[in-house]
Each structure stands twice: as C-alpha cells, then as structure tokens.
Q: 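Encoded as structure tokens, here's the structure I'll be asking about.
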There are 2 protein chains.
Amino acid sequence: MPKNQYVSTAVIRRMPRYYRFLGELLERGVTRISSKELAALMNLTASQIRQDLNCFGGFGQQGFGYHVALLHEEIRKILGLDQGFRAILIGVGNLGRAFVNHVDFTGSGFDLVGLFDKNPALIGKKISGLTVQDADEISAFCAAHTVDVAVLCVPSEAAQQTANGLIDCGVTAFWNFTQYDIKVEHPEAVVESVHLADGLMALCYQVNDARRSSSSAEK
Amino acid sequence: MPKNQYVSTAVIRRMPRYYRFLGELLERGVTRISSKELAALMNLTASQIRQDLNCFGGFGQQGFGYHVALLHEEIRKILGLDQGFRAILIGVGNLGRAFVNHVDFTGSGFDLVGLFDKNPALIGKKISGLTVQDADEISAFCAAHTVDVAVLCVPSEAAQQTANGLIDCGVTAFWNFTQYDIKVEHPEAVVESVHLADGLMALCYQVNDARRSSSSAEK
DNA sequence: TAGATTGTTAATCGATTAACAATC
DNA sequence: TAGATTGTTAATCGATTAACAATC
C-alpha cells in the first residue's frame, strides 16, 4: 500500500541508512525489531523512524514491531535498488579506478557497464573486468546501450563540459566527484555531488570547535 | 568581531561551499559581490547568505556588498584551515591510495603526515612522498608526533576496532570512509562519515522519482 | 484479555525567507 | 544626498518530537 505524496529529501537520505542497519541485523539473525530498539541502535528517535517509514506505507505491526527481512526488502524496493539501472564512469584516474574496485555498484542499484577516459595510456586497460574506452566513444556507446547514470571522476575543469555532452546523449543522472557544482537544465536531471574537500573542511571546523568548547569547559 | 553563539551544522556545512565559490570568483578577478549576486550563482537566497555569514560577524559593507578576497580569507579562518592540523590515513587499499593522491588535504586544513596498513605487501611502499608504515606502529607514531585526525579507509569490519585503538592514542577526529557507523565516546570526538553507497542509493531513488514524475506529467 | 507497539495527529522546535531600518 | 545593500528582527515554513488512539 505505497503512499504517493512528496517525500522530503531529509527522509530519502535516511533510507539508505535504515537499509544498511537492517541488513546488518539480518546478518546477525535478528528477525524482529521495534522502532524503539532501532532508534537506540541508530541514534534516532523512535518517532522519527515511524514517521519516515510511514511516508511509504505501514510496514509494521502494532504490538509487535517490524519484521527485519520484510522491511529490508521494502526499502530495497522504495529506493529502487532492484531495477538494474546502468552506469558508466568517466575518468579512470586514481579516484575513478578506486571507485570501480571499491564501490558496490550492484548492491546500490546500478550495474557498471562502461569505463571511459581520454588518456591514451589508459584506453584499452582492463579494470575489474571492464575495458577502458576512449572518451570520444561515449556518445556511440550511449546510442548503442541504455545508460542511466554517469559517474564523473574527471578533472573539475572538465566537469561541466563532460556533463553537457552526456546530457546530449540522454544521460540525465550524475554522481559527481569533481569540485565543481555542475548545472544541468534537463527537467529529469538529478545530480548527487560528493564534495570530498567540503567534508574535510567541515571536519576541520568541528575539530576546532570541539577543542574550543572543551577548553572553555575547563575553566 | 567574531560572535560566539552556537552555529548550527546546517550553516557549517555551507561554509566550505561559500569558500569554494569565493575562491573561484577570486581566480576570475572579481573583487566585490553582493549577497544577491552570490545567491544567484550558488542557487541560494540572498537572505540565507547574509544570515549564514552573520553567524560569524559582519563581513559586508552596506550599500556595497562583500569584498571577495576579504570574505574568502575570513571563511578560511572560521573553518580553521590555517592551523595545519595533522592527519594520518589508515588502509592504503584502492580507496586510501586514491585519496592520498587526489584529495587536497593541505588546502582543506590538514597536513597528511603518515600512511598505515597491515598488509606486508604495502608496507614500505612510497605513495606521494610518504612511506606506508606497519599499522602496528600507529600508537608509537602517535606518541612521537601530534596527530589530530585519522582517515579511515580500512575494511568496514575493522572500522570500530581501528577507531578504538586510535582513541586510545589520543586521536579524536575521524574521516570515516567505511560502511560502518563508528561510535566514539570521547567528549571531544568528531566524526565525519562519507557513506558512498548511501549516496548512490539516494541517487537511485531520485532517478526513479524523476522518471515517475515526468511520466505522470505526460498524462 | 492485557501489554506492547504501531500509525497518525498535534505540538514543538529549528531553519529559511521576508521585510526593513541602519548605514555605507 | 540618493541608491544600494547590509545586518537583524519578525514571519513563515518544514522537520522533528511528543502524545495517544487504534490494533495486533
């Protein structure tokens, strides 16, 4: 009985975390859990968990709690991890190569089906079962295959241009690892940017702040 | 004239982005900007920019706007990027290696001063000017040098244990790239987790959602 | 049935936006 | 001075928490 209102991004961003914790519980053989127990585990309020889940439907059972396996599966469907969307990765430098090997694309809803770079030294190399193709071949590849999302690991200066080219090829979703905030006009476009340096700077502030408050607490 | 109230994390998380945009403006030779112009550029409201900045002080000038160079420098100080905090990175696998080469630690407030791994095949290798040391040497290293933050690129299963060991060595800040949500009790502890898979799953939902709404709009 | 825990409505809290007086 | 734009207070909006009736 999935509901059909708008769901805030705050809620959406918590869903993968629920999915992750439920996966861990499942592995540990836990079959049922109450919102209260899950809240304690995840450092949230029980209220928030129930509110969040009820954006999508009533997956619990009064007096009992939630079936871990069932809820896990429901969230999988909510996120759409079962659709086998197809991803390509552009820019097989240090970072790109690391993601190919390290990120569990399949478990996160995407099949990685192509690697591209414009560096001749990399073209033809095989990484994790995929052969690096010439970046000039992207549009031909997109014409021949369905491509749902592009992972951008190119230099920041090339980010916008690369994204524009991909939009023209019909690719509307981006996982952006460049420093640059790409702009995409397409109505169906979605961009998920991971600004690593921004996170590191925020950490820097927090370290300062923690020290400030602990030293002022001393007095 | 820095203010001294509590600043919400929502504001903190936007500061690095301001810093980044101001840096770009600086490079382009722009010397002054109004909150209205900056808002258009960053896709925010002018009001929010003024509110955010005024958490830390009045950096603008009525009738004129903000001096780009001055504001850039102020934010640098606010974030504490000038303190030369020291970082070590644990786990020199694909991801760890990529970050060593790719992330601008220095520009983000930290000097990377040590690399550690427990894999004998990696120990002794030189990466970007640093020699990989045996993970067993971490506590000795921390005793001999100041270490402010640890970058965790170890397998998820080892995350908590590694963090515990580091806490015992006096390291209280973590940039966590494992799947696992580490728990740290220390009052001064700060953790910045980058759950790559979570972001990818959120993107998966958004792709689904964008398609749902554009197909329903067709009708 | 009694106890537990959900789903949901209402209350609170915080963050964003709007408005405007201060001032460069 | 007049025009522009800030800093800041007030209004709005959204998200989180609390409460409780429904129900397993």
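Proteins come first, then strands; the chains are lettered A, B, ... in the order of their sequence lines, and each starts at number 1.
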Q: Can I get a per-line list of side-chain donor-acceptor pairs under 3.5 Å for residues 150-158 of chain A, giving both atom names and the distance, sequence neighbours left out?
A:
| residue | atom | partner | partner atom | Å |
| --- | --- | --- | --- | --- |
| A:S156 | OG | A:Q179 | N | 3.1 |

Q: Using a 3.5 Å cut-off and no angle test, enumerate the donor-acceptor pairs between side-chain atoms of residues 69-96 of chain A and protein atoms at least two apart in sequence or in another chain.
A:
| residue | atom | partner | partner atom | Å |
| --- | --- | --- | --- | --- |
| A:Q83 | NE2 | B:N208 | OD1 | 3.0 |
| A:R86 | NE | A:T146 | O | 2.8 |

Q: What are the two closest heavy atoms between B:I182 and B:Q160, and how far apart are they?
A: CA-OE1, 3.4 Å

Q: What residues form a salt bridge (Lys or Arg N to Asp or Glu O under 4.0 Å) with B:E24, not counting sequence neighbours?
A: none

Q: What residues form a ring-ring contact (aromatic ring centres under 6.0 Å, His included) with B:H67, not counting sequence neighbours?
A: B:F64

Q: What residues form a side-chain hydrogen bond (donor to acceptor under 3.5 Å, both in side chains) with A:D117, not counting sequence neighbours?
A: none

Q: For DNA chain D, what dot-bracket results from Watson-Crick or G-U pairs at under 3.5 Å, with [ ] for crossers and | for inter-strand partners?
A: ..||||||||||||||||||||||

Q: In residues 59-80 of chain A, which residues come under 4.0 Å of DNA chain D by heavy atom?
A: A:Q61, A:Q62, A:G63

Q: Quick one: what's the B/S/- string for nucleotides 9-16 of chain C, heavy-atom cutoff under 4.0 Å, read 5' to 3'?
A: BB----SS

Q: Can you list everything that forms a side-chain hydrogen bond (donor to acceptor under 3.5 Å, both in side chains) with A:Y205? Sequence neighbours excluded, please.
A: none

Q: Using OP1 and OP2 only, check whether a side-chain N or O of B:S35 sits under 4.0 Å from D:dT5.
A: no

Q: Expressed in angstrom and rounded to an integer, what is the separation of A:K36 atom NZ from C:dG3 atom C1'?
A: 13 Å

Q: Taking only side-chain N and O atoms of A:R50, does any of them lie within less than 4.0 angstrom of OP1 or OP2 on C:dT6?
A: yes

Q: By side chain to side chain contact (heavy atoms under 4.5 Å, CB included), which residues pair with B:S34, not counting sequence neighbours?
A: B:R32, B:K36, B:E37

Q: Could you tell me how far apart B:L38 (CG) and D:dT5 (C1') are, to the nearest whole angstrom?
A: 14 Å

Q: Table please: side-chain donor-acceptor pairs of residues 99-116 of chain B below 3.5 Å, with sequence neighbours left out.
A:
| residue | atom | partner | partner atom | Å |
| --- | --- | --- | --- | --- |
| B:N101 | ND2 | B:R97 | O | 3.0 |
| B:D104 | OD1 | B:G107 | N | 2.9 |
| B:S108 | OG | B:D104 | O | 2.9 |

Q: Who pairs with A:F174 by ring-ring contact (aromatic ring centres under 6.0 Å, His included), at least two apart in sequence or on another chain?
A: none

